[in-house]
Amino acid sequence: MSAPLSSALPDFPWDLLEPAKAIAAAHPDGIVDLSVGTPVDPVPPAVRQALADASDAPGYPLTAGTPRLRAAIAGWLARACGASGELGVLPTIGSKELVAWLPTLLGVGPGDVVVIPSVCYPTYEVGARLAGAEVIRSDSLTALGPDRRVKLIWINSPSNPTGRVLPAEHLRKVVSWARERGVVVVSDECYVSLGWETEPVSVLSDAVTGGDYTGVIAVHSLSKRSNLAGYRAGFLGGDPALIGELLAVRKHAGMIVPAPVQAAMVAALDDEEHVAAQRARYASRRDMLRAALTKAGFEISHSEAGLYLWATRGEDCWQTVDALARRGILAAPGAFYGPAAAQHVRIALTATDERVAAAAGRLADW
């Protein structure tokens, strides 16, 4: 019998955090969990109503999405991302499953190379390993040299975990480099609605691709923008040929977003008021945590966008995680995101106002 597929994968990172979580949970005033980044605020009422109204759904939904959903996705990408060309669009079951299976669905396999950022979301590497491909961590195109094995390159702006935003000029260079070599560019833009100190730019923006999406896919999610992590609601936009290929394979594999969730996605994409309200909540929590961390001796790196503060005390990240846990605060160690992040921790903004205030108070006593 061949080795189980799981043997090719790294340890599930969040399992490694359980000891620190137990320490933090023992705090007399309870844990403040700023690790995973799971939304805690209510699902917008209009979205919940749309889900309920569509709940009588006895038939199979469309893998491609309903015409209303496809129009809503395309319209949002035009408005929010500055995409003026003819887009292929596709709903996905959240973004994590798409990230994990995208190399496989695009035919990447053994002997191929997937390039991921040096510090990044762990599932990029998982997806490459599931496909049997080799992973190269690199933020530099020149460092890749003339390696013809490269088939797919991931970019992530705003970055999870660092909050770094890539300027349009950098995105143009990546797209140009990839097109010269027949490499697919996949841009994870799940935090594009959460720019703080700078305005994130989509790879689909006319400033980057000028309406030509050949070889380019953008990944988006409603988990953080609309508090829909529990709905598993994501989507793609980009090269119609690549999106068509993904649709063809996903139809065979039964990768279908449930019909009520598709209806809820339309409601979420057509309303920006709830997005503005949620941004305001996160902005307030971000200000409070940033000030408290800085006073406690942390240095904040990047973090100009996104849902996290990327912080360091110039020590091993597990040391910082343990010190925070003893104060009842749970953070994610930078080691989860790559060897280059060994001295940082990721602090999420996803806790209630009361819990964020509790964390700030505990940091004041560092």
Side-chain angles (χ1 to χ4, degrees), residues 38-99 102 187-194 200 202-205 213 217-240 242-244 246-248 250-251 253-282 307:
T38 188
V40 298
D41 299 304
V43 173
V47 176
R48 295 168 64 185
Q49 188 62 54
L51 183 83
D53 291 345
S55 61
D56 184 13
Y60 291 111
L62 291 170
T63 307
T66 63
R68 281 192 67 204
L69 177 55
R70 293 199 298 273
I73 293 172
W76 185 85
L77 290 170
R79 294 190 307 274
C81 297
S84 70
E86 287 297 317
L87 287 160
V89 298
L90 185 66
T92 62
I93 311 161
S95 57
K96 184 170 184 176
E97 68 90 2
L98 183 280
V99 171
L102 186 63
S187 178
D188 177 351
E189 303 177 355
C190 289
Y191 299 91
V192 74
S193 300
L194 292 167
S202 169
V203 76
L204 303 179
S205 167
Y213 311 119
I217 297 172
V219 179
H220 287 271
S221 167
L222 298 179
S223 292
K224 309 299 168 55
R225 174 189 178 276
S226 301
N227 297 332
L228 295 189
Y231 282 46
R232 310 314 302 132
F235 57 94
L236 303 176
D239 185 338
L242 288 175
I243 299 291
L246 290 170
L247 173 61
R250 290 172 71 87
K251 279 161 58 173
M255 294 175 166
I256 312 172
V257 176
V261 175
Q262 293 194 31
M265 291 174 70
V266 173
L269 287 164
D270 285 350
D271 173 55
E272 292 298 323
E273 284 188 20
H274 76 273
V275 181
Q278 189 59 48
R279 273 182 57 87
R281 292 188 192 105
Y282 285 139
L307 206 51

**Prompt:** Tell me, do Lys224 and Pro39 make a side-chain contact under 4.5 Å, heavy atoms counted?
**Reply:** yes

**Message:** Any heavy-atom pair between the side chains of Gln278 and Ser193 that's under 4.5 Å?
**Reply:** no

**Prompt:** Quick one: does Tyr213's side chain have a donor or acceptor within less than 3.5 Å of a partner on Gly85's backbone?
**Reply:** yes

**Fill in**
Shortest non-hydrogen pair, Ser221 vs Cys190, comes out as CB-SG, 3.5 Å

**salt bridge (Lys or Arg N to Asp or Glu O under 4.0 Å) evaluation trace for Glu272 with Arg225** = CA-CA 10 Å; Glu272 292 298 323; Arg225 174 189 178 276; 2.6 Å; yes

**Request:** State whether the side chain of Arg281 and the backbone N or O of Ala276 hold a donor-acceptor pair below 3.5 Å, judged by distance alone.
**Result:** no

**Fill in**
Which of Leu90, Thr63, Ile93 passes side-chain contact (heavy atoms from CB on, under 4.5 Å) with Met255? Answer is Ile93

**Prompt:** Which pair of heavy atoms, one from Ile243 and one from Val89, lies closest together, and at what distance?
**Reply:** CG2-O, 3.6 Å

**Asked** Is there side-chain contact between Val219 and Phe235, with at least one heavy-atom pair below 4.5 Å?
**Response** no

**Asked** Looking at Leu77 and Leu204, what are the two nearest heavy atoms and their distance?
**Response** CD2-CD1, 4.0 Å

**Message:** I want to check something: taking the side chain as every heavy atom from C-beta on, are Lys96 and Arg232 in contact at a cut-off of under 4.5 Å?
**Reply:** yes

**Asked** Between the side chains of His220 and Ser95, is a donor N or O closer than 3.5 angstrom to an acceptor N or O?
**Response** no

**Request:** Drop me the distance from Leu98's CG to Leu246's CG, to the nearest 0.5 angstrom.
**Result:** 7.0 Å

**Item:** Nearest non-hydrogen partners of Glu189 and Val203, listed with the distance
**Value:** OE2-N, 2.7 Å

**Request:** Please tell me if the side chains of Pro258 and Ile256 come closer than 4.5 Å, counting only heavy atoms from C-beta onward.
**Result:** no

**Which atom of Ser55 lies closest to which atom of Pro260, heavy atoms considered** = CA-CG, 4.1 Å

**Message:** Taking salt bridge (charged side-chain N to carboxylate O under 4.0 Å, His left out) as the definition, give me every residue that meets it alongside Arg250, ordered by chain and number, with sequence neighbours left out.
**Reply:** Glu97

**Prompt:** Taking side chain as C-beta onward, heavy atoms only, is Pro45 less than 4.5 Å from Arg48?
**Reply:** no

**Message:** Any non-hydrogen side-chain atom of Arg68 less than 4.5 Å from a side-chain atom of Met265?
**Reply:** no

**Message:** Any side-chain to backbone donor/acceptor pair from Gln262 onto Thr66? Under 3.5 Å, distance only.
**Reply:** yes

**Item:** Donor-acceptor contact below 3.5 Å, side chain Ser226 vs main chain Leu228
**Value:** no

**Request:** Give the minimum heavy-atom separation between Leu87 and Pro240, together with the two atoms involved.
**Result:** C-CG, 4.2 Å

**Asked** Within a radius of less than 6.0 Å around CZ of Arg79, do more than 12 heavy atoms belonging to other residues, nucleotides or ligands occur?
**Response** yes

**Asked** With Tyr191, which residues qualify under ring pair (Phe, Tyr, Trp, His ring centres under 6.0 Å), at least two apart?
**Response** Tyr308

**Prompt:** Under 4.5 Å between any side-chain heavy atoms of Val47 and Tyr231, yes or no?
**Reply:** yes

**Step-by-step side-chain contact (heavy atoms from CB on, under 4.5 Å) determination, Leu242 to Leu236** = CA-CA 10 Å; Leu242 288 175; Leu236 303 176; over 6 Å; no

